[in-house]
Every structure is written in C-alpha cells, then in structure tokens.
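What you are looking at is a predicted structure, and each value in this text was computed from that prediction instead of being measured. Numbering starts at 1 and runs along the sequence shown.
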Amino acid sequence: MNIKQKSWLDVKSNSDFPIQNLPYGVVQLPTKEVLVATRIGDVVINLAKLYDLGYFKSIQELESNVFDSSTLNSFMSQGRAVWSKVRKVLTDLFDENNETLRDNDANRTQALFNISEVSNLMPVEVGDYTDFYSSIEHATNVGIMFRGKENALMPNWKHLPVGYHGRSSSIVVSGTNIHRPKGQMKPAHQDLPVFGASKLMDFELEMAFITGGQTQLGDTILVDNAEDYIFGMVLFNDLSARDIQAWEYVPLGPFLGKSFGSVVSPWIVTLDALDYFRTQSPQQDPEVLPYLQSSGERSFDINLEVILQPENGVENLICESNHKYLYWNISQQLAHQSVNGCNINVGDMYASGTISGPKENNYGSMLELSWRGSKPIQLSDGTDRKFISDNDTIIMKGHCEKNGLRIGFGESVCKILPAKQ
C-alpha cells in the first residue's frame, strides 16, 4: 500500500475513506437500482457500471458482472486473488494521475454518485452468525460482577475462544431502528418470572468479520491460512436485553436477550486495507493448544468509540476502546470455529464479543460502564443512564490512523424505540 497516494476525487483530511480504503457495500441509487459499490471520500462508485463500461476487462477470472447484485456474496465467493485484482484496478483507476475515467465526463456521470444521493443497504446475505466472547477485560468485568474476583474467568476461557451461534435474521444495517424487546424476566425480589418490556437494554461494542471462502463438512482451517477466507470487517452493535438474558441463559446460553437486533456498519473494510495497521495480539498465558497458536501481527489497531445521543439532545462520548485489546484474534476465532469440521460458507458473520480495555472509559457496554447500574453515567443534558432509555441513539465509530493515513469504517447507528404493544 502506498500511504501517500492521492485520488483525483476530493477526499477531506479526516475522511474514513481515502483511496487506500476502497471498502465494499450495497447501495440503492436514485433510480432505485440496487448494486455493489465502493467509496472514496463522499463519492460512491457504481462497480456494476464500471464493469459494463469495460474497466475490469483485464480480470478474466471475474465472473459476469458480479457487481450487479443486491449482495456482495457472489463477488466474495470469487476468492482472494480476484479481490486483490479488483482492488488493484480501482487503485490505479482513481489515482490522481490517471486520466482514463477522470477525463471521461460521460462515464463519470454514469458511475459516480454523491453519498447523499444513495441509500446503504445490508451488504451481505448472512448465512450463519457466531458471537465470540474474546475480550479478557470484558469477560473479567462480567465475571467479577456475577461470580466475584476469584472466579471471574471460567476455567476454559484462556484455552479456547468461547462463542455461541446467534440469530442471523435480525442482523440489520446501520440506520435501522430497533424496538425494545419483550420477554420473561425474574426480578431479584420475586419468586416467579414476569413478562414485559426489557428494563435493562444495553449495547455491546463489537466488530465482526465476514467470510468470503467456504469449506467442506469435515475440513478445518489453520490459523496460518485463516485470513484467506476472511473478506473484511464491519462495526457490530450487538444489542442486549440484560434482564431477559439473565433469566434465560442457564444452561444453554443467550437466546431472546440477544436475537432481537444487531446493527452493522454498511461498508466492509477489507483486510488489504487494514494490513498497514497490524499489531501484535496480547500475550496468551497459559500457552494455547497447537491448533490455536498464532504468530506474527494478526491483530489490528482500530480505534473504537461509542456515542450515546438522547432524544433531541447532543452526542455524548461514553466509550473509547480498541480492537487490538482482543485476547483472541480473528484467525484464532475462525480456526476454532472450524476445528471440529464445521463447514464455513460465504457470507458467514463472526462477531468479536464486547471489546473492552483496561481503563473504565474503555468498557464496551452499559453493563460495565455503569457497573451493573451502581455507577450511573452522567450525560451533558443533566440526565444519567444506567442502561439505554427509549429514543436514545447509539452511534459506534471506528478508524485506524498511522503516519498521516486514516482508514475508517464509518458508523453503526441505531435508535432504540419503545416496545411494540
């Protein structure tokens, strides 16, 4: 990656989307046409149109206009070699010194749109969804709250990436509002459960990776080649109803307290774009089993923020964390997912679990930030929060920055609406 490269498209200095990013998403144009796109600055690039105009003719392996689609699944299934070639074409085409498209007014008019002219849609059709529990700070905090310091981490936690299979149908794109869920809860002072709207609504600051490769049933993926199967990453707000979850999760784990809505950012940032921001994973002690042993820089230095905005109020920054805090990296997560022979499919989504860090302002959930409601968060409008209130908006942001290059994910935005009657 050339970190000094510039595009002939205008890019603001603090933009998440310089030419070095080139994320992928699905958009609806003003004509109502739905297709695969990328983005530089505030300009959305119609990849289906670029294909029709012949700009990808050098990539013989590229199947017939996989960009003319309502999901990225077909393009992702083409594999890493094709992803890299498409990225190379785009990097060259939009370089500041390349006049091929820059000086072709007719083609530029057909292929380029301002971000304000399009609507972002869910970028992938999610087949299966796994939610991991890979932050040692988060797992320790929750363990202390419910089991005490001596038993904060369960015996298996440092030996394998703990996870569970979630509900893919309720994963939605940024800008989708979610109603407060209803379900069973058991108040501490009562002998029997009650039914109603959750009173302990929470967010979980997570990131997720999406697979673009697949395996056969019985096959396994090694840590060393796991990234060959990973297309890219998104921000992931895993909304949680803590009171519903607390009553239901023993003995089989989360269910209705987690399956009512998870909100992803609309642009998938590829591993090629993130490569410059690699960093070492945390030291793992005790040593993990051989199939999970990881070498090299397999974590990413991604700054994360959570903002809470009350209805008709101003934004309040309530959390600052980083993807690099994760104890288990994405290669280990995918290797563990497949070690039993579970087959991996194109479009599967794997969330990290809440990403917390060592300081209190790094805690990635209201459960931790308010320490189970005992330390309410003070907002700028004079109100406080133990958990999320109706009509609060949760905004998650993420970006990498190094030597003057910034690459970001945009936002995951979700407003919590009152429970449906």
Side chains of [Y] and [X]: any donor to acceptor distance under 3.5 Å?
{"X": "Ser74", "Y": "Glu63", "answer": "no"}
{"X": "Ser299", "Y": "Gln280", "answer": "no"}
{"X": "Glu137", "Y": "Thr140", "answer": "no"}
{"X": "Ser198", "Y": "Asp243", "answer": "yes"}
{"X": "Thr71", "Y": "Asn73", "answer": "yes"}
{"X": "Ser134", "Y": "Gln333", "answer": "yes"}
{"X": "Asn65", "Y": "Tyr51", "answer": "no"}
{"X": "Thr354", "Y": "Asp238", "answer": "no"}
{"X": "Gln332", "Y": "Gln284", "answer": "yes"}

May I ask you to test the [X]-[Y] pair for a side-chain heavy-atom distance under 4.5 Å?
{"X": "Ile136", "Y": "Pro282", "result": "no"}
{"X": "Phe94", "Y": "Asn98", "result": "no"}
{"X": "Arg39", "Y": "Val43", "result": "no"}
{"X": "Ser370", "Y": "Arg385", "result": "no"}
{"X": "Tyr350", "Y": "Ile230", "result": "no"}
{"X": "Asn114", "Y": "Val44", "result": "no"}
{"X": "His159", "Y": "Leu289", "result": "no"}
{"X": "Lys324", "Y": "Ile302", "result": "no"}

May I ask you to check whether over 12 heavy atoms, not counting those of [X], lie within 6.0 Å of atom [atom1]?
{"X": "Met154", "atom1": "CE", "answer": "no"}
{"X": "Tyr249", "atom1": "OH", "answer": "no"}
{"X": "Arg167", "atom1": "CZ", "answer": "no"}
{"X": "Tyr276", "atom1": "OH", "answer": "yes"}
{"X": "Glu125", "atom1": "CD", "answer": "no"}
{"X": "Lys88", "atom1": "NZ", "answer": "no"}

Check this for me, if you would: do [X] and [Y] make a salt bridge, where the nitrogen-to-carboxylate-oxygen distance has to be below 4.0 angstrom?
{"X": "Lys85", "Y": "Glu61", "value": "yes"}
{"X": "Glu204", "Y": "Arg242", "value": "yes"}
{"X": "Asp301", "Y": "Arg278", "value": "no"}
{"X": "Arg406", "Y": "Asp16", "value": "yes"}
{"X": "Glu411", "Y": "Lys397", "value": "yes"}
{"X": "Arg180", "Y": "Asp390", "value": "yes"}

Look at the side chain of [X] and the backbone N and O of [Y], then say whether any donor-acceptor pair between them is shorter than 3.5 Å.
{"X": "Asn225", "Y": "Val223", "answer": "no"}
{"X": "Gln309", "Y": "Ile394", "answer": "no"}
{"X": "Asp392", "Y": "Ser389", "answer": "yes"}
{"X": "Arg80", "Y": "Glu227", "answer": "yes"}
{"X": "Asp202", "Y": "Met366", "answer": "yes"}
{"X": "Ser7", "Y": "Asp95", "answer": "no"}

Run the side-chain contact (heavy atoms from CB on, under 4.5 Å) check on Ile407 and His399 step by step: do they pass? CA-CA 6 Å; Ile407 285 181; His399 77 276; over 6 Å; no

What orientation do Phe67 and Phe75 show, parallel under 30°, tilted 30 to 60°, or perpendicular over 60°? tilted

Tell me if the centroids of the rings in [X] and [Y] come within less than 6.0 Å of each other.
{"X": "Tyr129", "Y": "Phe236", "result": "yes"}
{"X": "Phe231", "Y": "Tyr24", "result": "yes"}
{"X": "His138", "Y": "Tyr133", "result": "yes"}
{"X": "Phe277", "Y": "Phe300", "result": "no"}

side-chain hydrogen bond (donor to acceptor under 3.5 Å, both in side chains) with Gln337: of Thr130, Thr211, Asp128, only one passes, and it is Thr130

Where do Asp381 and Thr383 land on the side-chain hydrogen bond (donor to acceptor under 3.5 Å, both in side chains) test, with the steps shown first? CA-CA 6 Å; Asp381 63 0; Thr383 64; 2.6 Å; yes

Run Asn141 and Glu368 through side-chain hydrogen bond (donor to acceptor under 3.5 Å, both in side chains) and show every step you take. CA-CA 7 Å; Asn141 288 339; Glu368 296 165 273; 2.8 Å; yes

Does Met396 form a side-chain contact (heavy atoms from CB on, under 4.5 Å) with Leu304? I'd like the steps, not just the answer. CA-CA 7 Å; Met396 293 183 176; Leu304 301 170; over 6 Å; no

I would like to know whether Ser356 and Asn362 meet side-chain hydrogen bond (donor to acceptor under 3.5 Å, both in side chains); could you show each step before the answer? CA-CA 5 Å; Ser356 295; Asn362 303 145; over 6 Å; no

Under the side-chain contact (heavy atoms from CB on, under 4.5 Å) criterion, do Leu308 and Leu379 qualify, and how do the steps go? CA-CA 9 Å; Leu308 190 154; Leu379 302 183; 3.8 Å; yes

Is the positively charged end of Arg372 above the ring of Phe146, judged by distance under 6.0 angstrom from the centroid and angle within 45° of the axis? yes

